Amino acid sequence: GEFGTKTAFNFLATKQTGEPFHGDSDGPYSSVWFAWTAPASGKVTFTTFGSDYDTTMAGYTGTDVASLTKLEENDDAGTGEQSSITFQVKQGTTYFVAVDGYGGAEGNITLNWQLTRPWILFIPAITGGGAVR
């Protein structure tokens with residue numbers, strides 16, 4: 001959907017072979033991956049606000065973990081230890097978000113997302129063939 005929240009935890013999660021780093025962490029430790037298909041084109045923001053540990057995160061496109069294209073990554077958005085990323089999306093495309101723990105931190109994940117569609121402004125045209133008197 002265009003917005004929502006999912007919860008999970010990364011206890012006993014491990015890294016995958018070839019997995020890239022997410023955010024400012026020095027390695028993938030215990031990442032959890034989420035898939036989201038854009039219902040419309042625009043910009044999407046994913047956050048881990050509400051998670052109870054120090055998160056890192058990144059958004060990707062691709063079909064194989066060893067050859068993903070990183071779109072955005074973050075560690076410590078705002079004043080807390082949670083993360084936030086924003087990137088352009090195309091309707092119907094599936095995006096992957098990896099949430100990891102900084103330095104191997106573990107905890108409960110709260111993943112939030114919000115899609116923002118571009119504004120379209122319609123200005124009615126004034127037509128006519130007569131002169132104004």
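These numbers were taken from a predicted model, which means no experiment stands behind them.
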Whether Phe46 and Trp36 hold their rings parallel, tilted or perpendicular, with breakpoints at 30° and 60°: perpendicular
Hydrophobic cluster membership, Tyr53 vs Phe21, 4.5 Å side-chain cutoff: no
Donor on one side chain, acceptor on other, Glu73 and Thr56, under 3.5 Å: no
Residue pairs passing the side chain to side chain donor-acceptor pair (under 3.5 Å) test where at least one lies in residues 84-93, sequence neighbours excluded: Thr45-Thr86
Verdict with supporting geometry, Asn112 and Thr47, side chain to side chain donor-acceptor pair (under 3.5 Å): CA-CA 5 Å; Asn112 313 287; Thr47 73; 2.9 Å; yes
Enter the distance from Thr63:OG1 to Phe96:CZ here, rounded to the nearest 0.5 Å. 8.0 Å
Judged by modelled atom types alone, do Thr7 and Thr110 share a side-chain donor-acceptor pair under 3.5 Å? no
Heavy atoms of Tyr60 and Pro20 approach each other most closely as OH-CG, 3.4 Å
Starting from the C-alpha separation in whole Å, work towards a yes-or-no answer on side chain to side chain donor-acceptor pair (under 3.5 Å) for Ser31 and Glu19. CA-CA 9 Å; Ser31 58; Glu19 182 175 345; 2.5 Å; yes
Side chain proximity check, Asp76 to Asp54, heavy atoms < 4.5 angstrom: yes
Evaluate the criterion side chain to side chain contact (heavy atoms under 4.5 Å, CB included) for residue pair Leu115 and Phe3; output intermediate values, then yes/no. CA-CA 6 Å; Leu115 175 67; Phe3 62 92; over 6 Å; no
Is the shortest heavy-atom distance from the side chain of Trp33 to the side chain of Gln16 under 4.5 Å? yes
Rounded to the nearest 0.5 Å, what separates atom CG in Asp52 from atom CD in Glu106? 11.0 Å
Can you name the nearest heavy-atom pair linking Glu2 to Pro39, along with the distance? CG-CG, 3.7 Å
Step-by-step side chain to side chain contact (heavy atoms under 4.5 Å, CB included) determination, Leu111 to Val97: CA-CA 9 Å; Leu111 181 69; Val97 175; 4.2 Å; yes
Side chain to side chain contact (heavy atoms under 4.5 Å, CB included) for Leu68 and Thr61? Distances and angles first, verdict last. CA-CA 6 Å; Leu68 294 170; Thr61 58; over 6 Å; no
Is the NZ atom of Lys15 crowded by more than 12 outside heavy atoms at less than 6.0 Å? no
Asp75 vs Tyr102 side-chain heavy atoms within contact, under 4.5 Å: yes
Does the side chain of Arg117 reach to within under 4.5 Å of the side chain of Lys43, using non-hydrogen atoms? no
Please name the pair of heavy atoms, one in Phe11 and one in Gly107, separated by the smallest distance, quoted to 0.1 Å. CZ-CA, 3.7 Å
Could you tell me which non-hydrogen atom of Ala13 sits nearest to which non-hydrogen atom of Ser30, and how far apart they are? O-CB, 3.3 Å
Determine whether the aromatic ring centres of Tyr29 and His22 lie less than 6.0 Å apart. no
Could you check if a side-chain atom of Phe9 sits within less than 4.5 angstrom of a side-chain atom of Ile109, using non-hydrogen atoms only? no
What I'd like to find out is whether the side chain of Val44 reaches to under 4.5 Å of the side chain of Phe87, using heavy atoms alone. yes
Would you kindly confirm whether Val89 and Phe34 end up in one hydrophobic cluster when ILVMFWY residues are joined by side chain heavy atoms under 4.5 Å apart? yes
Looking only at heavy atoms, the pair that brings Ser83 and Phe49 closest together is O-CE2, 3.9 Å
